[in-house]
Amino acid sequence: MPGPAPSPYEILSRKRAGEALGRTEIRAVAAGAASGGWSDSQLGAFLMAAAIRGLDAAETRELTLAMLESGERWELAREIPGVVDKHSTGGVGDKVSLVLAPLLAVCGLPIAMLTGRGLGHTGGTADKLETVPGLRLDLDRNRALGLLREVGMALGVATGEIAPADRRLYALRDVTGTVDSLPLIVASILSKKLATGAAAVVFDVKTGDGAFLPGVEQARELSRLLVGTSEELGVRASARLTDMSQPLGDWSGNAAEVAEAFALLEGAGPAETREVTLVLALDIARLAGVEVERTDLERALDSGRAREQLARALAAQGGETAWLARPELPLAPVERPLLAPRAGFLAAVRTRALGLLLVAAGAGRRVPGDPIDPGVALRYRARLGDRLEPGEEMARLYLRRPDPELERRFAACFEVAEEPVAAPPLVGERIAVSAPVSV
Ligand code: URA
């Protein structure tokens, strides 16, 4: 006979002393978070003890599973065996999902993604998609399955039914200084990401100033934990480090990023965004065991087939067909060039600060529920390492109204140095386990 469930007091005392918690104890924490049975102070104490003492692989797996099971699970792979998914740890100008999803779908890889809203300095795919008139992102399991069968892809937004335990724990991490604990990050990301039940997931883990965790070592560790924990839970997974020491591609801003995505889907658009998309698409195909060559992917983009796929898929989700045929994505009217103050080389882009300034200019939300201005945008003219003449345009800002102080702060994010600098590699290593690890 199992004994009585341990009390929060006992569980917290054990974690504070650095002991590893067992399955029952971890489940009691997640259940307490989801049901309200644990108070904010008890959960805050757990988060702090976990952040300081750490969680081992088994605890991380149990916490992930318990948080996942606190909400809906769609188990899509039971009906659509090869369904895949991709997760980005977030960045500035990261519109890869908008291109990747239709690209995979036309190459025979069904993909279902619950996209996110902008968070902190990072943009959100859901906010970008909402520039499409009529589009509905409120999917449930049946709707997602219907879309996968009809158009090979489904794009939704995570609702309150997905991992409610994370909703509460995430809000408490934010006010208890425990956001950057790796096991807590992993449990938080995976409890939502694995809820759709994809067979294979690729993680795009950003590094550099605009990344959630800027250091390469931390990004590697996060990748290993995301991949290891997913595999332990029966989901094939790999991670790819990609650079966020400068924004990705030519544009940031919701409407502008959708326009960049459409351009990429017609074989145009910036080489950097195309490259990251192609690499991630190949990683997903490899993980899913589907034979796809780079040239197949390139052809799908260059022929416009991926563009047609996106239009068909968004129309199936309520997007206006006339708009999808000729998207109108106007920019905000106040244009301001940001000029190089002297001759030299673009040596650094304060990408995190740029993301926060874009939010301040209206491209994101300062508080939940804020309206978003889709036309606010920043166009990047220079890349890290580029040679600049005095007065040469480094970037161009599109604002709703003039704001000299904001414009000055945007310009200060671009650093020009006398000496040439090398940009970090755009695409870094792939992290995978050959077989599920056992703890
Ligand atoms: N994204 C999440 O969903 N959770 C985290 O903890 C960090 C990033």
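Numbering of ligands and ligand atoms starts at 1, following listing order. Predicted model only: the values in this text are computed from it and were never measured.
- The K192 neighbourhood of ligand 1 comprises atoms 2 (C), 3 (O), 4 (N), with distances under 4.0 Å to a heavy atom of that residue.
- Of all atoms in ligand 1, numbered sequentially from 1 with element shown, those under 4.0 Å from a heavy atom of F212 are 7 (C).
- Of all atoms in ligand 1, numbered sequentially from 1 with element shown, those under 4.0 Å from a heavy atom of S188 are 2 (C), 3 (O), 4 (N), 5 (C), 6 (O).
- Closest heavy-atom contact between F410 and L358: CZ-N, 3.7 Å.
- Side chain to side chain, T273 and K95 fail the donor-acceptor criterion of an N or O pair below 3.5 Å.
- Judged by distance alone, the side chains of D283 and S238 never bring a donor and an acceptor atom under 3.5 Å apart.
- Applying the 4.0 Å criterion to heavy atoms of R173 picks out, from ligand 1, the atoms 5 (C), 6 (O).
- Two residues are said to be in side-chain contact when any heavy atoms from C-beta on lie closer than 4.5 Å; P270 and L264 meet this criterion.
- Below 30°, between 30° and 60°, or above 60°: for Y398 and W251 the angle between ring planes is between 30° and 60°, a tilted geometry.
- Every N/O-N/O distance between D166 and ligand 1 stays at or above 3.5 Å.
- Among all protein heavy atoms, the one lying closest to atom 1 (N) of ligand 1 is I189 CG1, 3.8 Å.
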